[in-house]
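Notes follow the structure.
Computed from a predicted structure; not experimentally measured.
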Amino acid sequence: MVHLGSAKVVLTPVGNRVRVAGTMEFERDPDRFRRRRIDAIVSAARPYLRHADWDDCQEEWVGARPMTPDGLPLIGRLPHSPRVLLATGHNMLGLMLGPATGRLVSGLLTGTADPATAAPFEPYRRIRRYGRTRTGSAGRL
């Protein structure tokens, strides 16, 4: 993975090709495809990859990123479904946090995770912070 910091673009090898990705927008329709955003990413990356065949772009897509209100991923078992273990909500840091998340998930599955390390990422931390709703059900994650 190569991060073109000033261009706000990330390059990732995928087979014999390169995935060029960047930008994050907050809007109500995360699946809305905007040609101008793709064009902006290409324009930002073009000076770094002068010999790339920009006319051979394939698989242009958009998609939602799993985000959390506090910016920390949700990693751990669900309180009412202990057989379900979440590892989501990494915002734009999924590739960078992947190895650390994998180690924590492995530790949670084997029972060897350090509780102090795991605590900030517990999925139910949002429920504890906001308490219960008026109907007595758990608050939002």
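- Closest approach of Leu72 to Thr68, counting heavy atoms only: O-OG1, 2.7 Å.
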Show me, pair by pair, the donor-acceptor contacts under 3.5 angstrom made by side chains of residues 93-107, not counting sequence neighbours?
residue : atom : partner : partner atom : Å
Thr101  : OG1  : His90   : NE2          : 2.7
Thr101  : OG1  : Leu97   : O            : 2.9

Show me the donor-acceptor pairs, under 3.5 Å and distance only, between side chains in residues 3-13 and residues at least two apart or in other chains.
residue : atom : partner : partner atom : Å
Ser6    : OG   : Tyr48   : OH           : 2.7

Decide yes or no on side-chain contact (heavy atoms from CB on, under 4.5 Å) for Val42 and Val20, but give the supporting numbers first. CA-CA 8 Å; Val42 169; Val20 181; 5.9 Å; no
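- Closest of all the heavy-atom pairs between Leu74 and Arg125 is CD2-NH1, 3.3 Å.
- Taking OG of Ser43 as the start and CD1 of Ile38 as the end, the distance is 11.5 Å to the nearest 0.5 Å.
- Although no hydrogens or angles enter the test, the distance criterion places no donor-acceptor pair under 3.5 Å between the side chain of Ser81 and the main chain of Val84.
- For the pair Pro123 and Leu78, the tightest heavy-atom approach, listed with the atom from each and the gap, is CB-CD2, 4.3 Å.
- The hydrophobic clustering, which links ILVMFWY residues whose side-chain heavy atoms are closer than 4.5 Å, places Phe121 and Leu108 together.
- Tracing side-chain contacts under 4.5 Å through hydrophobic residues (I, L, V, M, F, W, Y), one reaches Ile41 starting from Leu49; they form part of the same cluster.
- Using a 4.0 Å cut-off between a side-chain N of Lys or Arg and a carboxylate O of Asp or Glu, Arg19 and Glu59 do not qualify as a salt bridge.
- Within the 4.5 Å cutoff, no side-chain heavy atoms of Arg83 are placed close to those of Arg77.
- Around atom CZ of Arg50, no more than 12 heavy atoms belonging to other residues, nucleotides or ligands sit under 6.0 Å away.
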